[in-house]
Structure formats: C-alpha cells, structure tokens
Student: 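Can you read through this structure? Questions will come right after.
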Amino acid sequence: MAGDDAKKSKPKGNASGGGKKKEVKKETGLGLSYKKEENFGEWYSEVVVNAEMIEYYDISGCYILRPWTMAIWEIMQAFFDAEIKKMKIKNCYFPLFVSPGVLEKEKDHIEGFAPEVAWVTKSGKSDLEVPIAIRPTSETVMYPYYSKWIRGHRDLPLKLNQWCNVVRWEFSNPTPFIRSREFLWQEGHTAFATKPEADEEVLQILELYRCIYEEFLAVPIIKGKKSEMEKFAGGLYTTSVEAFIPNTGRGIQGATSHCLGQNFAKMFEINYENEKGEKSMVWQNSWAYSTRTIGVMVMVHGDDKGLVLPPKVASVQVIVIPVPYKDADTKGIFDACAATVESLCGAGIRAEADFRDNYSPGWKYSHWEVKGVPLRIEIGPKDLANNQASNLFSFLHLSHFPLVRAVRRDNGAKIDISRVNLVEELKDLIDNIQQSLFDAAKQRRDSCIQVVNTWDEFREALNQRKLILAPWCDEEEVEQDVKARTKGEIGAAKTLCSPFDQPELPEGTKCFASEKPAVKWTYWGRSY
C-alpha cells in the first residue's frame with residue numbers, strides 16, 4: 001500500500017533498486033504540508049491522495065478510486081443492499097446511454113440537468129446521426145420500461161435499485177468525492193398504487209441514509225424536507241439528510257429521497273388497471289446516495305495528521321506493527337504479531353500486520369496514521385518496569401509478551417492491554433472510538449448552529465460561517481431574494497432543509513427575511 005510513498009522517499013540514486021542492499025527507511029516525514037484550519041481546500045486534496053484514497057486522472061474532474069476507498073464503499077453497499085432487500089427491492093441494471101427524445105421528455109427534469117449532460121457525438125471519426133446522452137440520472141432511462149411492465153394492480157409495487165456510475169459534466173471547482181464528473185451511486189426507482197405507500201417508503205429510505213451517515217460514518221445529519229426551489233427537478237417533494245462542515249461553514253446534501261408524485265407517470269404513461277377495472281396512474285419515488293458520502297467523512301473527521309476512519313467503515317481496524325530493537329529476536333516478535341492478527345481476525349476484527357523490513361517502526365506509524373487506521377498495536381521487547389513486553393528475546397511463546405501497546409488514531413491515547421483480554425478490550429475500544437468520533441463531530445456541528453430571528457442576525461451569522469436556523473414564511477420569492485442579497489465571491493446562502501424535528505414556533509413569529517408570518521423553521525447557509 002505504501003508503494004507511492006516508498007518511491008517518493010527513496011533517494012534518486014536508489015530509484016532503480018539495482019540490487020543494492022535494502023535500506024531501512026527512517027523518515028517519518030509523511031505528514032501533511034497543509035493544516036485543516038489554515039487551508040482547508042489544499043488540506044483536503046492532500047489527505048485524499050496521501051491516504052491512498054484517490055489518484056488524479058488525466059481528465060479533469062475524474063478520479064481513480066483506490067482500494068482504500070472502494071473498501072469503504074463496499075462496506076456501506078453491503079449494509080444498504082441487505083436492508084433494501086428486506087423491503088423487497090430488487091437490483092437491476094439499465095444502460096448508460098440515453099436517447100435525446102427520452103431524455104427531453106420531462107421538461108422540468110431535463111432543464112435541471114441540461115448543463116451537466118455529456119453527449120456522445122462520434123463513433124470513430126464519423127459523426128453520429130443522433131447524439132446519445134450519458135445518464136446524469138436514470139428516471140428517463142428506466143420509466144419507458146416501467147410503462148411496458150406495469151399493466152395491472154398485480155404488477156405493483158415495482159421496486160428496483162441499481163448500483164452504477166453516472167456522469168455529470170461539472171465545469172466549476174471539481175473536488176474528489178464531492179463534485180466530480182463521474183461518480184458511483186445507487187439509485188432506487190419505485191412505483192406504487194397509492195401515495196401513502198410512496199410517502200412511507202420515502203421516509204424508510206431516508207432513515208437508512210441516516211444510518212449510513214451516523215452509524216457507519218459517524219457523521220451527524222439533519223433529516224428534513226427541501227424547499228420548492230431546491231427539490232428534485234420534476235418531483236413532487238424531496239427529503240434529504242444534510243451534513244455540515246464546520247471548517248468551511250458550508251452545508252452539504254448527504255443523500256436524497258424523492259417522492260416524484262405522478263408527474264413522470266403522466267409523461268411516460270405509466271398506467272395500470274386497478275381492482276375496479278379503472279385506469280390509474282402510479283405514484284413514484286426515486287432515491288440515491290453516492291461516493292460523496294466518503295468525502296463528507298474525510299472533511300468531518302480528518303485532522304492535521306491525515307485521514308481518521310470510523311472503525312465501522314475501516315477495511316483495516318487494527319494495524320499491528322512489530323517494534324524490534326537492535327539484536328532483538330525479530331522472529332519471536334514477528335510470530336507474536338502474526339498470532340495477534342490471527343486471533344483478532346478470528347474474532348471478527350479486521351486486522352493486519354505490517355512486516356515490511358525496509359521501513360522503520362516510526363515510518364510505519366506515520367504511514368498508517370495518514371491512512372486513518374483506528375487502532376495501532378505495537379509489539380516489541382521493552383525493558384520496562386511494568387513488564388510491558390518480555391526482554392527474554394529467545395522465548396517465542398506469547399506468554400513472554402504479556403502486554404501490548406494500543407494507540408488510538410482519533411485522540412492519540414496509548415493504552416497497555418493484557419493479551420489475556422486483548423480481543424474483548426479491543427472490541428470495546430473500537431466501539432468507543434466509533435461513538436467518540438460521532439460525539440465529537442456532533443459537538444462541533446452543534447456549536448455552529450445559530451438561531452436567528454432577524455435579517456441583521458442572519459447576515460452576521462452567515463459571515464461567521466454558521467449553520468443558521470431561522471423562521472421562514474416558505475415563499476419561493478423570499479428564498480430567491482435571500483440568495484440575491486447574499487450573493488458574493490464565496491457563494492449565496494440558500495435553504496438547506498426544513499427539519500422534520502421542528503422547534504416550537506411561537507404565535508406571531510415573523511419571517512426573518514420578509515417579516516411576513518413565519519410558518520416553519522428552516523436551516524439556511526452556504527453549501528457545497
């Protein structure tokens with residue numbers, strides 16, 4: 001995994017590796033050049049590369065997702081896929097290409113995506129007679145076939161999901177995971193006979209998205225409903241989970257679950273014959289989350305040493321590092337490390353050992369810290385009064401290594417653990433790290449929430465990069481006016497969501513922006 005770093009740290013004379021004696025790398029300078037508080041953008045770019053999450057590709061806005069990233073995605077995918085299968089949702093796959101006629105059938109929908117649609121116009125050196133679009137989302141790809149497959153009430157509900165890639169040709173500020181021209185996601189598309197069925201599923205899926213963020217990625221979110229301006233183009237209403245990045249003072253839409261109503265059913269003639277023999281239109285939903293989730297996790301938990309991974313999504317939860325001293329019985333220490341890994345893996349803990357002999361322990365510490373592994377275990381002979389490890393190097397039995405040193409990535413705490421209770425104590429530590437990361441992130445997020453009641457308070461909170469909760473009249477013209485009045489170099493403020501968990505709204509409360517009667521509390525802020 002350290003291939004790139006190894007090359008960077010080798011002197012030029014050794015680049016070819018031409019049979020010279022292997023050197024033990026003593027450099028520990030794997031740290032970041034930028035600090036999170038001082039230059040967030042450069043810090044983020046450095047973390048995702050140095051942690052071996054992505055590599056930049058030769059087409060702007062496209063990134064190679066390396067195994068360290070794909071492991072995180074697969075863990076989330078395994079959870080979500082199992083959960084939707086419990087809901088009788090089945091997986092499928094539709095083609096990447098879309099004909100112009102189909103794409104443009106739903107006017108409001110395509111207007112929302114038109115600037116981002118990529119088109120195939122040539123085959124070899126020949127121009128295509130009709131350009132073909134690459135899917136930015138799959139409503140228009142899938143729904144002509146829903147019309148074909150749904151004929152009667154017994155064909156409902158139809159509930160499909162696909163794991164795929166989509167292309168949205170972003171032109172401004174591409175950012176790994178957050179804003180890229182191609183990304184991975186799942187998209188669910190379901191059709192029901194009644195609106196209550198559709199409404200129920202919207203919230204069921206939204207709860208699964210909350211679980212992904214809060215229980216796996218340890219990122220606190222707010223569940224709520226999007227405004228009419230911010231809802232999915234062509235849909236009836238949109239619900240979302242919203243995260244917040246304190247360092248930039250920006251909200252970020254984490255995932256969305258849309259009720260499409262009957263608009264697409266009307267456009268694509270998705271009708272069925274009900275129990276009474278009458279013709280009816282279906283009610284539809286669509287919902288998706290993407291690899292953006294991973295970028296949010298990096299932004300929320302990462303620190304000046306690099307990535308910080310929540311244990312639930314870490315492909316390596318424990319890295320075991322041998323620490324041999326000069327003249328030590330290296331084989332004995334390595335055997336103890338291997339036995340430790342075997343014991344942990346047997347107990348369901350994802351553990352590996354780093355036996356590379358051309359890097360010093362200090363270099364390895366830095367390497368795995370940058371990659372964010374939740375726990376590091378150090379095993380080696382130490383002539384300490386507390387008998388942390390045997391100094392009788394010739395004995396290989398594990399009893400001669402009665403204690404091991406564990407180091408937490410999230411807070412740097414060092415804990416000496418008895419081998420007798422190693423598995424149990426590490427499991428407790430892993431659970432504690434997961435919860436601690438969530439609690440710390442929630443505390444940071446909550447400290448940024450500012451309740452305002454007037455325009456002046458709103459402007460001040462916005463300038464302080466707050467997540468703003470304000471009473472609002474829920475009028476689109478007012479939202480447009482707020483965006484216009486706050487437009488600047490770092491972006492305008494907009495509604496993020498109206499939380500389902502609404503604080504009390506005292507009678508007579510006025511909208512912060514229009515001074516008209518307020519009807520709800522809504523989160524506002526700048527966003528990604």
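Sequence positions, counted from 1, serve as the residue numbers for this chain.
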Student: Would one find more than 12 heavy atoms of other residues, nucleotides or ligands at under 6.0 Å from atom CG of N463?
Tutor: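 Enclosed: over 12 neighbouring heavy atoms sit under 6.0 Å from CG of N463.
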Student: How far apart are the C-alpha atoms of H258 and T238, what are their side-chain angles, what is the distance that settles it, and do they pass the side-chain contact (heavy atoms from CB on, under 4.5 Å) test?
Tutor: CA-CA 4 Å; H258 316 286; T238 291; 2.7 Å; yes
Student: Kindly say whether P246 contributes a backbone atom to a donor-acceptor pair with the side chain of R444 at under 3.5 angstrom?
Tutor: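 Not at all, since once roles are kept as given, no pair shorter than 3.5 Å links the two residues.
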Student: Would you tell me whether R465 and N247 have side-chain atoms, one donor and one acceptor, within less than 3.5 Å of each other?
Tutor: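 There is no such pair between these side chains.
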Student: Check the angle between the aromatic planes of F264 and F268 and answer parallel, tilted or perpendicular using the 30° and 60° thresholds.
Tutor: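 Judged by the thresholds at 30° and 60°, the geometry between F264 and F268 is parallel.
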Student: Report the C-alpha separation of V318 and V373 in whole Å, then their side-chain angles, then the decisive distance to 0.1 Å, and conclude whether the side-chain contact (heavy atoms from CB on, under 4.5 Å) test is met.
Tutor: CA-CA 7 Å; V318 179; V373 172; 5.8 Å; no
Student: Counting only heavy atoms not in E42, do more than 12 fall under 6.0 Å of its CD?
Tutor: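 Yes, enclosed.
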Student: Heavy atoms, side chains only, cut-off 4.5 Å: are P136 and V166 in contact?
Tutor: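 They are not in contact (no side-chain heavy atoms under 4.5 Å apart), so the answer is no.
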Student: So how far is it from C511 SG to E479 CD, rounded to the nearest 0.5 Å?
Tutor: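 The distance works out to 10.5 Å.
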Student: How many angstroms lie between atom OH of Y523 and atom CZ of F244, to the nearest 0.5 angstrom?
Tutor: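 Going from OH on Y523 over to CZ on F244, the span is 11.0 Å.
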Student: Is there side-chain contact between I468 and F512, with at least one heavy-atom pair below 4.5 Å?
Tutor: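 They are not in contact (no side-chain heavy atoms under 4.5 Å apart), so the answer is no.
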Student: Looking only at heavy atoms, which two atoms of P310 and L437 are closest? And how far apart?
Tutor: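 For P310 and L437, the tightest heavy-atom pair comes out as CA-CD1, 3.6 Å.
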Student: Measuring from atom CG of N161 to atom CG of N91, what distance do you get when rounded to the nearest 0.5 angstrom?
Tutor: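 It is 5.0 Å, given to the nearest 0.5 Å.
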Student: Roughly how far, to the nearest 0.5 Å, is the SG atom of C92 from the CE atom of M142?
Tutor: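 So the CE of M142 and the SG of C92 are separated by 4.0 Å.
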Student: Determine whether the side chains of D199 and Y237 contain a donor N or O and an acceptor N or O closer than 3.5 Å.
Tutor: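 Indeed, the side chains of D199 and Y237 share at least one donor-acceptor pair under 3.5 Å.
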Student: Around atom CZ of F500, are there more than 12 heavy atoms of other residues, nucleotides or ligands at under 6.0 Å?
Tutor: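 Count over threshold, so yes.
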Student: Can you name the nearest heavy-atom pair linking F232 to L260, along with the distance?
Tutor: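 Taking every non-hydrogen atom into account, CD2-CD2, 3.7 Å.
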Student: Looking at H153 and N274, what are the two nearest heavy atoms and their distance?
Tutor: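 Heavy atoms only, the tightest pair is CD2-C, 3.7 Å.
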Student: Classify the ring geometry of F40 against W43: parallel below 30°, tilted from 30° to 60°, perpendicular beyond 60°.
Tutor: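 Because their plane-to-plane angle lies in the 30° to 60° range, the rings of F40 and W43 count as tilted.
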Student: Taking atom CG of D127 as the centre, report whether more than 12 heavy atoms of other residues, nucleotides or ligands fall under 6.0 Å from it.
Tutor: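 Check passes, neighbour count above 12.
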Student: So, taking the atom named NZ in K90 and the one named OG1 in T190, what distance separates them when rounded to the nearest 0.5 Å?
Tutor: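 It comes to 14.5 Å.
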Student: Can you check whether I222 reaches R445 side chain to side chain, under 4.5 Å on heavy atoms?
Tutor: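 I222 vs R445: side chains touch.
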Student: Quick check, are the ring centers of H189 and Y143 under 6.0 angstrom apart?
Tutor: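 Ring centres of Y143 and H189 closer than 6.0 Å.
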Student: Can you tell me if S498 and T522 form a side-chain donor-acceptor pair at under 3.5 Å?
Tutor: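 The answer is yes; a qualifying pair exists.
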Student: Side chains of E197 and T194: any donor to acceptor distance under 3.5 Å?
Tutor: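 Judged by distance alone, the side chains do pair up.
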Student: R409 and D303: salt bridge (Lys or Arg N to Asp or Glu O under 4.0 Å), yes or no, with the steps?
Tutor: CA-CA 10 Å; R409 174 63 182 88; D303 61 19; 2.7 Å; yes
Student: Hydrogens and angles aside, do W163 and E187 bring a side-chain donor and acceptor to less than 3.5 Å of each other?
Tutor: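 Looking only at side-chain atoms, E187 and W163 do not form any donor-acceptor pair under 3.5 Å.
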Student: Hey, are the side chains of P220 and Y213 touching, using non-hydrogen atoms and a 4.5 Å cut-off?
Tutor: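 Not in contact.
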Student: When you check the gap from the basic side-chain N to the acidic O, do D81 and K85 get nearer than 4.0 Å?
Tutor: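 Salt bridge: yes.
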Student: Run the side chain to side chain donor-acceptor pair (under 3.5 Å) check on D439 and Q443 step by step: do they pass?
Tutor: CA-CA 6 Å; D439 291 344; Q443 188 277 326; over 6 Å; no
Student: Output all residues satisfying side chain to side chain contact (heavy atoms under 4.5 Å, CB included) with A492, sequence neighbours left out; order by chain, then residue number.
Tutor: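 Here the qualifying residues are K483, T486, K487.
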Student: Is I150 close to L156 at the side-chain level, that is, under 4.5 Å between some pair of heavy atoms?
Tutor: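 Sidechains of I150 and L156: in contact.
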Student: Got a second to check how far N271's CG is from S147's OG, nearest 0.5 Å?
Tutor: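 The OG atom of S147 is 7.0 Å from CG of N271, to the nearest 0.5 Å.
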Student: Output yes when a side-chain donor or acceptor of S123 lies under 3.5 Å from a complementary backbone atom of S126, and no otherwise.
Tutor: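 Flag not set: sc S123 to bb S126 has no pair under 3.5 Å.
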Student: Please determine whether a side-chain nitrogen of the Lys or Arg among R151 and E273 lies less than 4.0 Å from a carboxylate oxygen of the Asp or Glu.
Tutor: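 Between E273 and R151 there is no salt bridge, as every charged N stays at least 4.0 Å from the carboxylate O atoms.
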Student: Taking ring pair (Phe, Tyr, Trp, His ring centres under 6.0 Å) as the cut-off, I'd like each qualifying pair that reaches into residues 469-489, sequence neighbours left out, listed once.
Tutor: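 Residue pairs with at least one partner in residues 469-489: W472-W524.
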Student: Give the intermediate values and the outcome of side-chain contact (heavy atoms from CB on, under 4.5 Å) for residues Q284 and N263.
Tutor: CA-CA 9 Å; Q284 290 178 269; N263 192 32; over 6 Å; no
Student: Consider ring-ring contact (aromatic ring centres under 6.0 Å, His included). Of F80, F216, Y289, W68, which one does W73 pass it with?
Tutor: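 By the ring-ring contact (aromatic ring centres under 6.0 Å, His included) criterion, W73 pairs with just one of F80, F216, Y289, W68: Y289.
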Student: If we only count heavy atoms from C-beta on, is the I132 to S99 side-chain gap below 4.5 Å?
Tutor: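 Sidechains of S99 and I132: no contact.
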Student: Identify the two heavy atoms, one from I221 and one from E214, that lie closest to each other, and give their separation to 0.1 Å.
Tutor: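 In terms of heavy atoms, the two residues are closest at N-OE2, 3.1 Å.
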Student: Please check if the number of heavy atoms outside K442 that lie under 6.0 Å from its NZ is greater than 12.
Tutor: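 Open.
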Student: Restricting to non-hydrogen atoms, name the atom on W119 and the atom on P100 that form the minimum distance, rounded to 0.1 Å.
Tutor: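 Between these two residues, the closest heavy atoms are CZ3-CG, 3.7 Å.
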Student: Salt bridge check, K279 against E269: does any charged N sit closer than 4.0 Å to a carboxylate O?
Tutor: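 No, no charged N to carboxylate O under 4.0 Å.
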Student: May I have the step-by-step check of salt bridge (Lys or Arg N to Asp or Glu O under 4.0 Å) for E116 and R181, ending in yes or no?
Tutor: CA-CA 9 Å; E116 301 174 349; R181 288 178 169 173; over 6 Å; no
Student: So, is the end of the R485 side chain (NZ or CZ) under 6.0 Å from the ring centre of W455 and within 45° of the ring's axis?
Tutor: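 Yes, cation above the ring, under 6.0 Å and within 45°.
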Student: Is a donor from one side chain sitting under 3.5 angstrom from an acceptor on the other, for E475 and S514?
Tutor: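 No donor-acceptor contact under 3.5 Å links the two side chains.
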Student: Between E182 and R168, does any NZ, NE, NH1 or NH2 come within less than 4.0 Å of an OD or OE carboxylate oxygen?
Tutor: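 No salt bridge links R168 with E182.
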Student: Return yes if some donor-acceptor pair links the side-chain N/O of E46 with the main-chain N/O of L32 below 3.5 Å, else return no.
Tutor: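 No.
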Student: Check the pair F79 / V313 against side-chain contact (heavy atoms from CB on, under 4.5 Å), numbers first and verdict last.
Tutor: CA-CA 11 Å; F79 161 76; V313 294; over 6 Å; no
Student: How about Y528: does its OH atom have over 12 heavy atoms from other parts shown lying under 6.0 Å from it?
Tutor: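 Above 12, so yes.
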Student: Under a 3.5 Å distance rule, please check whether E83 uses its side chain to pair with a backbone N or O of L208 as donor and acceptor.
Tutor: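 No.
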Student: Please say whether more than 12 non-hydrogen atoms of neighbouring residues, nucleotides or ligands are located less than 6.0 Å from NZ in K494.
Tutor: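 Atom NZ in K494 is packed in, count exceeds 12.
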Student: Evaluate the side-chain proximity of I134 to V117: yes if any heavy-atom separation is below 4.5 Å, no if none is.
Tutor: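 No, too far: nothing below the 4.5 Å cut-off.
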Student: Please name the pair of heavy atoms, one in Q253 and one in K226, separated by the smallest distance, quoted to 0.1 Å.
Tutor: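 Here Q253 and K226 meet closest at OE1-CE, 2.9 Å.
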Student: Within the 4.5 Å heavy-atom criterion, are M76 and L217 side-chain neighbours or not?
Tutor: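 Result yes, sub-4.5 Å side-chain heavy-atom pair found.
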Student: List the steps and the verdict of salt bridge (Lys or Arg N to Asp or Glu O under 4.0 Å) for E215 and R210.
Tutor: CA-CA 8 Å; E215 297 179 17; R210 182 204 66 78; 2.7 Å; yes
